[in-house]
Every structure is written in structure tokens, then in C-alpha cells.
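What follows is a short report on a single structure.
Read the numbers this way: they start at 1 and go in the same order the structure lists the ligands and their atoms. Any value given below was found using the heavy atoms of this structure, including those in side chains, with hydrogens, waters and symmetry copies removed.
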Amino acid sequence: MGDVNNGYKLSKKTRLQFGSAKPSNARKSNSRSESMPESLLSSRRRSVEANEGVEPNRKHRLGGERRGKGFDEGLERKRGMSAGAGREGRGGRMGSGGVGDVKLRTRINAERRLSGKLGKMRSVGGGDDDDDVMLRTRMGDERRGKREFDERVKARREGRGGRMGSADGADDGGEGRGGRMGSVDDDGEDVRLRTRVAAGRRGKREFDERVKTEQGMSTARREGRGGRMGSVAGADDGENVRLRTRVVGKLGKSEKGFGKGGDLDKESVKGERNRRRGGALEGYANKKKDKKDEEEVENDTPKKRKRIKLDPYDVSNKRMDDGVSMDGKETEKKVEAEKKTEVSKNAQFRAIQPSPSILSFVEDNLLGRRRSIELRRAGYNVDLSAPLDNIPHSTSSEREHCEENVFRNKLTFFAAANVSSSFPPADLPEIAFAGRSNVGKSSLLNALTRQWGVVRTSDKPGLTQTINFFNLGSKMCLVDLPGYGFAYAKEEVKDAWEELVKEYVSTRVGLKRVCLLIDTKWGMKPRDHELVHLMERSQTKYQILLTKTDMVFPIDVARRAMEIEENLKANKSVVNPLMMVSSKSGAGIRSLRSVLAKISRFAKP
Ligand SMILES: Nc1nc2c(ncn2[C@@H]2O[C@H](COP(=O)(O)OP(=O)(O)OP(=O)(O)O)[C@@H](O)[C@H]2O)c(=O)[nH]1
Ligand SMILES: [Mg+2]
């Protein structure tokens with residue numbers, strides 16, 4: 001057993017180290033081979049065991065020398081082959097050094113073949129066996145086949161055309177235009193494959209030609225040439241129908257889009273489409289149409305449209321100008337209505353055409369709002385209070401005396417009454433001044449007598465709360481009445497004032513005239529009319545005085561005067577003319593003095 005191991009080890013060392021053996025390696029390998037199982041021992045060992053009777057070491061040495069000699073010869077041959085035809089792939093074998101080496105090389109070659117390196121390897125040792133022969137034959141065939149293939153490709157690139165045939169196969173009857181890649185072994189399988197590929201190319205080519213033709217025909221239809229799409233292959237079968245459908249879809253047009261002259265085999269396309277859908281849509285459409293017809297037959301009367309009923313009190317659906325009453329807006333609308341009424345009254349007021357006498361009176365007395373420069377041009381000294389009550393173009397720095405002698409007397413307060421029983425005895429002709437609160441009654445007394453400060457005045461309505469009697473000398477008595485209407489006083493107090501005034505103007509003996517003061521800006525109010533009716537009933541002479549004329553335009557002063565005269569022209573107790581005054585500017589004061597002086601002059605005690 002130890003010889004066998006030594007023979008195995010020595011042959012390997014010999015191959016690697018040209019036959020030299022080393023005892024140390026033998027010992028090492030011996031110890032290793034003892035553990036090697038019997039099944040793994042190679043045929044090489046068995047051949048060594050066949051040389052029994054020879055000293056193992058000597059046999060090994062002789063064999064190694066012989067093998068070394070044969071190896072050298074094989075190596076020389078191999079070098080020559082490698083430099084010549086061996087490199088060109090013609091094969092060739094290296095010589096064998098011995099019988100044992102044949103199987104070893106065979107084994108090594110088999111291992112190398114398995115590793116895929118066979119095509120490039122050369123046999124190290126000699127010795128031919130069947131496997132190597134077959135292997136080399138196959139390798140040579142492959143090399144030849146590759147070489148021939150390369151030659152064909154080269155010839156084709158140089159433009160010689162033709163087809164790439166197989167190395168040893170027959171031509172399969174191709175068209176010759178396309179050029180075919182041949183296989184090394186042109187057997188039946190290759191023929192079928194080429195046939196299939198060629199058929200696929202022909203199919204694609206025919207499809208492209210069809211598409212091109214149909215595109216040309218569709219262009220011709222657009223240009224009005226009409227015509228019908230035919231089948232490229234002749235018969236109009238299902239394949240052509242599908243093709244046209246694809247072409248139409250590709251062009252982005254339905255068959256209807258080709259115009260009236262288009263004869264695009266609509267039935268075929270429609271049939272194809274229905275065939276795809278299975279006719280389900282058409283059946284559904286027909287059923288729906290039939291059902292609609294039945295409903296129309298049953299209901300002869302046309303359907304009524306649904307009308308949406310709107311809630312008139314629903315604010316959310318209403319436009320703003322619908323006039324719907326909304327919370328908090330009723331009062332606003334009332335105010336707006338009143339404003340409209342006021343606007344209409346103002347419009348009526350502005351439509352009044354004053355009489356020429358009134359207009360001339362207004363202009364002569366410079367009534368209405370005037371500018372100071374205008375007053376200066378008229379010769380009045382604007383630095384004085386109530387300048388228009390002065391003499392125009394006066395050189396005196398002081399106020400001239402009143403032209404009416406009666407008004408040159410001193411104004412003296414002598415009685416106040418809040419009830420009728422408190423009235424003083426009527427010894428002098430009395431002239432009373434009545435009107436709404438804050439209309440300027442007390443101010444007018446001061447302006448008439450030019451004695452400012454005798455009668456108390458205030459911008460606060462309701463200052464005068466009793467009937468105040470003033471003597472103007474011994475000739476005349478001036479009476480300041482409390483106002484009526486709005487005042488800063490209690491309602492019952494105001495009612496008492498009104499009753500007292502009414503009693504005084506209706507029952508007072510010695511009352512020669514009641515000057516009813518009316519604010520020029522606002523005109524007569526209902527309470528003014530009440531007092532007018534009362535004086536009409538009591539036949540008390542009254543005369544209308546427009547006050548605060550300096551607050552409005554002259555034309556409006558004339559309009560107001562005209563308006564009041566028109567309203568009171570039917571009254572019998574009213575004394576004309578209507579007087580227009582301004583305690584502030586003094587306009588119309590002199591005219592009023594003249595009127596009142598006549599009363600005192602002609603009044604009987
Ligand atoms: N611009 C202007 N203001 C006047 C005129 N007359 C009076 N006033 C002012 O009107 C306000 C009221 O004047 P009064 O004379 O107190 O009025 P009244 O009628 O006596 O008022 P009662 O005593 O409350 O009834 C005062 O501030 C005056 O200055 C006028 O002709 N023009
Ligand atoms: Mg007063």
C-alpha cells in the first residue's frame with residue numbers, strides 16, 4: 001500500500017519536477033494517502049500496481065526518465081505546432097511520454113473541458129484517445145464554421161450581395177432581398193425558422209403598404225376625388241376591415257368625417273364595431289327608443305315644467321328692490337317716504353313764481369341772504385347791529401333816530417301773566433307777537449324799538465313762558481307771547497301756554513293786531529294754522545311776519561311770502577300785506593314800524 005502511494009506521488013512530482021523524487025515529500029504524501037479512501041484512488045495507481053516485482057523506487061525513476069524524454073519530445077513538437085498551424089486552429093497533438101500519462105492527460109483535458117477552456121488549451125502530453133479526437137473534431141468544425149461565417153459577412157459588407165447561406169446547408173428559397181443569417185448547421189429547424197421570419201417580414205411590409213395606400217386614398221377623398229378603399233390583398237375580408245378601422249383610428253377621423261362622398265364601407269366598419277361590442281349597445285338603444293315612443297303615445301299632453309314657488313317672505317331669494325319688509329328696515333322706508341314727500345314739497349316750493357310786487361319789495365329792502373359787500377355798495381354801515389335799519393349813505397357814525405315817533409319811546413315791561421285772570425287792564429292799544437317757540441318774537445321787539453336787552457332772548461326754545469306786557473311810552477302796549485310747538489318744557493306746561501295764548505288772542509279786549517311770526521325757512525306749520533283758524537273764528541286781526549329772512553336766499557323769501565299769501569288769501573281776518581323782516585340784519589324793520597305806527601295812530605283807546 002505504501003508503494004502505491006509512493007508511485008502516485010512520484011508520478012505527480014515527476015511531471016512537475018521532471019522526474020526528481022524527494023523522500024521527504026514521499027513520506028509526507030504517504031502519511032496523507034493513508035487516510036484517503038480506496039474509492040478515490042485513480043486508475044493510475046492501479047497501473048502502477050501492475051508492475052510488481054520491480055523495485056518501486058527504480059521503477060519510478062526509470063519511468064520518470066522515460067516520461068521525461070517523451071515529454072521533451074512532445075514539448076518540442078508542441079512548440080513547433082504552436083508557432084505554425086496550431087495557432088491557426090488546425091489542431092495537432094502533443095506527443096505522449098508514456099501509457100500512464102495518456103489517461104492523466106485525458107483526465108486533465110476532461111477537467112479543462114468542463115471548465116470551458118478547452119478551445120484555447122493545448123494538450124500538454126501526448127496520447128490520443130476517443131474523447132480527444134471527438135473534441136478536436138468539434139473544435140475544428142466550429143473554427144471552420146466561424147471562419148466561413150466571417151467570410152460571408154465580410155463579402156456582404158463589401159456589397160457583393162447574395163445571401164448568407166449556411167456553411168453546408170441548402171438554400172430554402174428566400175426572396176434574396178432581405179439577406180439571411182445562416183446557421184452553422186442548416187437543418188430543418190433552421191429552415192422553418194427562416195420561413196417564419198420571412199413570412200413576418202412580408203406581413204409587415206404588406207401592412208405598411210396598405211397603410212400607405214389608405215392614407216393616400218384618404219387624402220384623395222379630402223381633395224374630393226372620392227373612391228373607395230379597397231383591400232390591398234384583394235378580397236375585403238375581416239382582416240381588411242380591422243385594418244381600415246385601425247387606419248381610421250390612426251388618422252383621428254371617424255368615417256363620418258370623410259364627407260358625403262366618402263364610401264368608406266361604413267357597414268363593414270359598423271359591423272366590425274358591433275361585432276366587437278357584441279351588439280349590446282345597439283340593442284340597448286333600440287329598447288330605449290321603443291320605451292320612449294310608448295310613453296309619448298300614453299301621454300299625449302306635453303309635460304308641464306315644474307314651477308318653483310318662491311316664498312314672498314323669504315328674504316334669501318329676494319332682490320333688494322322687491323320691497324320686502326325686513327326687520328329694522330320698515331322705519332327706514334318710512335323715513336325714505338317722508339323724504340320723498342319733503343322732496344316733492346320742496347319741488348313744489350321751488351316751482352312757485354312770486355309776484356312782481358313781492359319781488360320788488362324783497363329787492364328794495366335787501367331781504368334774504370346778502371353779502372356784506374353788497375350791503376356796503378347799498379350805503380349801509382355793516383359795523384352796526386341791524387345795519388339795514390339805518391339810514392343809507394348816512395355820514396353819522398351813530399344810528400339815526402327812528403323815523404316813527406312812537407318807536408322812539410322807551411320800552412317798559414309792566415306785567416306778566418300765565419293765566420287769563422292775571423292779564424293787566426287793557427288801557428292802551430295792544431299789539432301782540434305770537435308764533436312758535438324760537439321764531440324770534442322777543443328779538444323782534446328789541447329790533448323794533450332798537451332797545452336791545454329789554455326783552456330777554458335765547459337760542460333755546462321756550463324761554464318766554466308767560467304773557468309779558470311792555471309799554472311803549474303812553475301810546476301803545478307791546479305784548480310778548482309764549483311760543484307753542486317744540487320747546488324744552490313739559491307737555492302739560494306747553495299745553496297750558498297754548499291755551500293761554502289762544503284765550504288771549506281770542507278774548508283780549510284792546511288787542512288791535514296779532515303779529516303771527518313764521519320762520520321763513522320752514523313756513524307755516526299745523527299749529528300755526530290752528531291759531532289762524534282760532535283768530536279767524538274770533539275775528540282777531542292778524543298779520544303774517546316772515547322772520548329770519550337773512551337765513552335764506554331772496555328768491556326763497558319771495559316764494560315763501562307768495563306761498564303764504566296764496567294759502568291765506570281766502571281768510572278774512574288776515575291783514576295784508578305780509579311783512580318780511582330780519583331782526584339780525586334789520587331788513588324790513590322800518591316798513592314794519594310804519595305799519596304798526598299807523599295802528600297806534602288810528603287806534604281808539
Ligand atoms: N339770524 C337770525 N337770528 C334771529 C333772528 N331773530 C331771532 N334770532 C335768533 O333766534 C334765537 C331765538 O330768538 P328769540 O327772540 O328768543 O325767539 P322767541 O320766539 O322769543 O323764542 P321763545 O321765547 O322761546 O318763544 C335767538 O338766538 C336770536 O338771536 C333773525 O331775524 N335772524
Ligand atoms: Mg321769547
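A heavy-atom distance below 4.5 Å is not found between the side chains of Lys541 and Val514.
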* Asked: After noting the C-alpha distance and the side-chain angles of Tyr484 and Glu499, does the key distance pass the side-chain hydrogen bond (donor to acceptor under 3.5 Å, both in side chains) rule?
  -> CA-CA 10 Å; Tyr484 51 81; Glu499 292 300 324; over 6 Å; no
* To do: Walk me through it: do Glu503 and Ser420 pass the test side-chain hydrogen bond (donor to acceptor under 3.5 Å, both in side chains)?
  => CA-CA 7 Å; Glu503 187 178 357; Ser420 58; 2.7 Å; yes
Let me have the donor-acceptor pairs involving side chains of residues 350-357, under 3.5 Å, with sequence neighbours excluded, atom names and distances please.
residue : atom : partner : partner atom : Å
Ser355  : OG   : Ser357  : OG           : 3.2
Ser355  : OG   : Ile358  : N            : 3.4

Donor-acceptor contacts under 3.5 Å from residues 461-469 side chains, at least two apart:
residue : atom : partner : partner atom : Å
Thr464  : OG1  : Ser442  : OG           : 3.4
Gln465  : NE2  : Gly462  : O            : 3.2
Thr466  : OG1  : Asn468  : OD1          : 2.8

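Here the shortest heavy-atom pairing between Val595 and Gln543 reads CG1-OE1, 3.6 Å.
Inspection of the environment of the Mg ion (ligand 2) yields the following protein N, O or S atoms under 2.8 Å: Ser442 OG, Thr464 OG1.
The pair Arg590-Glu403 meets the salt-bridge criterion, since a charged nitrogen lies less than 4.0 angstrom from a carboxylate oxygen.
Judged by the 6.0 Å distance and 45° axis criteria, Arg560 is positioned over the aromatic ring of Phe349.
Around ligand 1 you find Ser437, Asn438, Val439, Gly440, Lys441, Ser442, Ser443, Thr457, Ser458, Asp459, Lys460, Pro461, Gly462, Leu463, Thr464, Gly483, Lys548, Asp550, Met551, Ser582, Ser583, Lys584, each with a heavy-atom distance below 4.0 Å.
Between the side chain of Gln451 and the backbone N or O of Leu411 there is at least one donor-acceptor pair closer than 3.5 Å.
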